[in-house]
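These notes concern the structure reproduced below.
The chain is numbered in sequence order, starting from 1.
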Amino acid sequence: MTSVPALSAAVVDGVGVLTLDDSARRNPLSLSTMRAATRELLAFGADSDVRVIVIKAHGPAFSAGHDLSEIVDRTVDDEREIFAACTELMATVHAVRQPVIAQVQGMALAAGCQLVATCDLAIAADNARFSTPGVRIGLFCSTPMVALSRAIGRKRAMSMLLTGDMIDAATAVDWGLINSAVPAEALDDTVAELAGRIGQFSGDTLAVGKRAFYDQIDRTEPDAYAAMTEVMATNAVTCDAQEGISAFLEKRTPRWQS
C-alpha cells in the first residue's frame, strides 16, 4: 500500500482502489492530489494483477472540486499548471487499460463532478448531489464542461453550467451522469460486486474494448464502423477470444491468459 497527502492507493482482491482522503476539506483536487492520483492510476495501469480500478473518497463528500486556495493570487502560468494537471488526470482515467468506476457519496462539485463524468462507470449513494457551480464565483466550469457535456448532452450540461444548480442522484441517473444510485449503506457492496463481476473477464479483452469505445465515440458512423471492424477482427484472433468462444461452444468456464 502506498500513501501520499490527501490520497491513498491499494490493491484489494484485484481491484485498484484510489481513495481521496481529505474529508475535513471535502476532498479538494489540489495540484499535489491530482498529480499523485495520476501517478497511482498509471501504476495501477501497469499492474497486470489489477483488473478494475475504483475511485472513492472518505467522509461526507466525494470531492468539492479544485482547491480554490491554490487559484487565488496566482499568475496565469500558475493557473495553466493547475488545469493542465487536471486535464492530465482525466485523460489518464481514459488511458489506463482497466475500467475505472467512480464510487460517489455526498457531493461531487465542479472538478469533482468532472471526475465522476470522466470515469467509465459511476455508482452513487442515493443521497449524492452533483453540480458545476463555478459560475457563482466568477470561474466558469469550462474544463468540467468537457466531460459533463459528453456524458449528459448539451442542453442538460448547459443548464448545470449556467445556473450552478445541484442535481440529485435520481436526476444524475436519468441524465446519464451516473449508472445507478443505491442506498448509502449498500454503496460499498454494490461497487465491490460490480468490480468483481467485470474483473472476471479477460483483462486484454477489457482493455481492447475500453480503448475502442473512446476511439469510436466521436467518429462519424462510417468511420467508426471501419475502425471497429479492424478492432474486432484483430480481437477475434487473440488467445483469450479464441478460448472464450471455444469455452462457450463447449459449455465450460473459460481459462483466460490475461
Side-chain angles (χ1 to χ4, degrees), residues 1-22 27-58 62-63 65-67 70 78 80-104 108 110-123 143-144 146-147 150-151 191-192 194-196 198-218 231 235 238 240 256-258:
M1 180 173 179
T2 60
S3 296
V4 297
L7 188 78
S8 64
V11 179
V12 182
D13 296 329
V15 178
V17 182
L18 190 64
T19 305
L20 302 175
D21 196 12
D22 188 3
N27 299 311
L29 296 176
S30 66
L31 181 59
S32 62
T33 296
M34 291 188 292
R35 285 176 169 166
T38 298
R39 289 194 301 269
E40 297 293 355
L41 285 172
L42 291 171
F44 285 153
D47 187 344
S48 61
D49 291 332
V50 175
R51 317 291 291 181
V52 180
I53 297 170
V54 172
I55 299 178
K56 59 188 293 189
H58 283 149
F62 178 74
S63 175
H66 285 294
D67 186 343
E70 295 184 338
D78 293 333
R80 288 188 181 114
E81 183 180 18
I82 290 168
F83 297 113
C86 183
T87 296
E88 183 181 11
L89 171 59
M90 304 304 160
T92 302
V93 170
H94 284 180
V96 292
R97 66 196 310 271
Q98 300 92 337
V100 180
I101 305 170
Q103 177 177 323
V104 187
C113 185
Q114 177 185 4
L115 182 56
V116 173
T118 300
C119 287
D120 305 312
L121 299 171
I123 310 297
T143 47
V146 175
R150 284 159 173 75
V191 172
L194 177 60
I198 293 171
Q200 70 181 314
F201 302 124
S202 157
D204 284 348
T205 300
L206 290 172
V208 167
K210 176 174 174 175
R211 183 169 60 249
F213 179 85
Y214 292 113
D215 181 37
Q216 64 83 32
I217 195 67
D218 290 323
V231 169
N235 185 179
T238 63
D240 277 352
W256 306 124
Q257 293 191 16
S258 65

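- Nearest heavy atoms, Leu20 versus Ser63: CD1-CB, 4.1 Å.
- Rounded to the nearest 0.5 angstrom, Met90 CE and Thr38 OG1 are separated by 8.5 Å.
- Of the inter-residue distances, the one linking Lys56 atom NZ with Ser8 atom OG reads 8.5 Å to the nearest 0.5 angstrom.
- Nearest heavy atoms, Phe44 versus Val50: O-CB, 3.8 Å.
- Ring-plane geometry between Tyr214 and His94 is classed as parallel, the angle between the planes falling under 30 degrees on a 0 to 90 degree scale with a further cut at 60.
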_side-chain contact (heavy atoms from CB on, under 4.5 Å) evaluation trace for Leu121 with Ile198_ = CA-CA 11 Å; Leu121 299 171; Ile198 293 171; 3.6 Å; yes

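- Ala111 approaches Pro144 most closely through the heavy-atom pair N-CG, 4.0 Å.
- Counted by atom type alone, Ser258 and Asp240 present one or more donor-acceptor pairs between their side chains at under 3.5 Å.
- Between Glu81 atom CD and Cys86 atom SG the span is 13.0 Å, to the nearest 0.5 Å.
- Side chains of Leu18 and Val100 form no contact here, defined as non-hydrogen atoms less than 4.5 Å apart.
- Side-chain atoms of Val191 and Ile101, non-hydrogen and from C-beta on, do get closer than 4.5 Å to each other.
- Considering all non-hydrogen atoms of both residues, Gly45 and Gln98 come closest at CA-OE1, 3.3 Å.
- Residue Leu29 comes nearest to Met34 through the heavy atom pair O-CE, 3.6 Å, listed as atom of the first residue, atom of the second, then distance.
- Within the model, atoms OG1 of Thr33 and NE2 of His66 stand 11.5 Å from one another, a figure rounded to the nearest 0.5 Å.
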_Residue pair Phe83, Arg80: steps toward the side-chain contact (heavy atoms from CB on, under 4.5 Å) verdict_ = CA-CA 5 Å; Phe83 297 113; Arg80 288 188 181 114; over 6 Å; no

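- With contacts defined as side-chain heavy-atom distances shorter than 4.5 Å, the pair Leu115/Val93 qualifies.
- Minimum interatomic distance between Val96 and Lys210 (heavy atoms only, all atoms of both residues): O-NZ, 3.1 Å.
- Checking side-chain atoms of Glu70 against main-chain N and O of Leu31 turns up a donor-acceptor pair under 3.5 Å.
- Within 6.0 Å of CG on Asp13 lie no more than 12 heavy atoms contributed by other residues, nucleotides or ligands.
- No donor-acceptor pair closer than 3.5 Å links the side chain of Arg150 to the backbone N or O of Ala117.
- Interatomic distance, CD1 of Ile82 versus CG of Asp67, reported as 8.0 Å (0.5 Å rounding).
- Atom CD in Glu40 sits 11.5 Å away from atom CD1 in Ile55 (nearest 0.5 Å).
- With hydrogens and angles ignored, the 3.5 Å screen pairs a side-chain donor or acceptor of Asn27 with a backbone N or O of Asp22.
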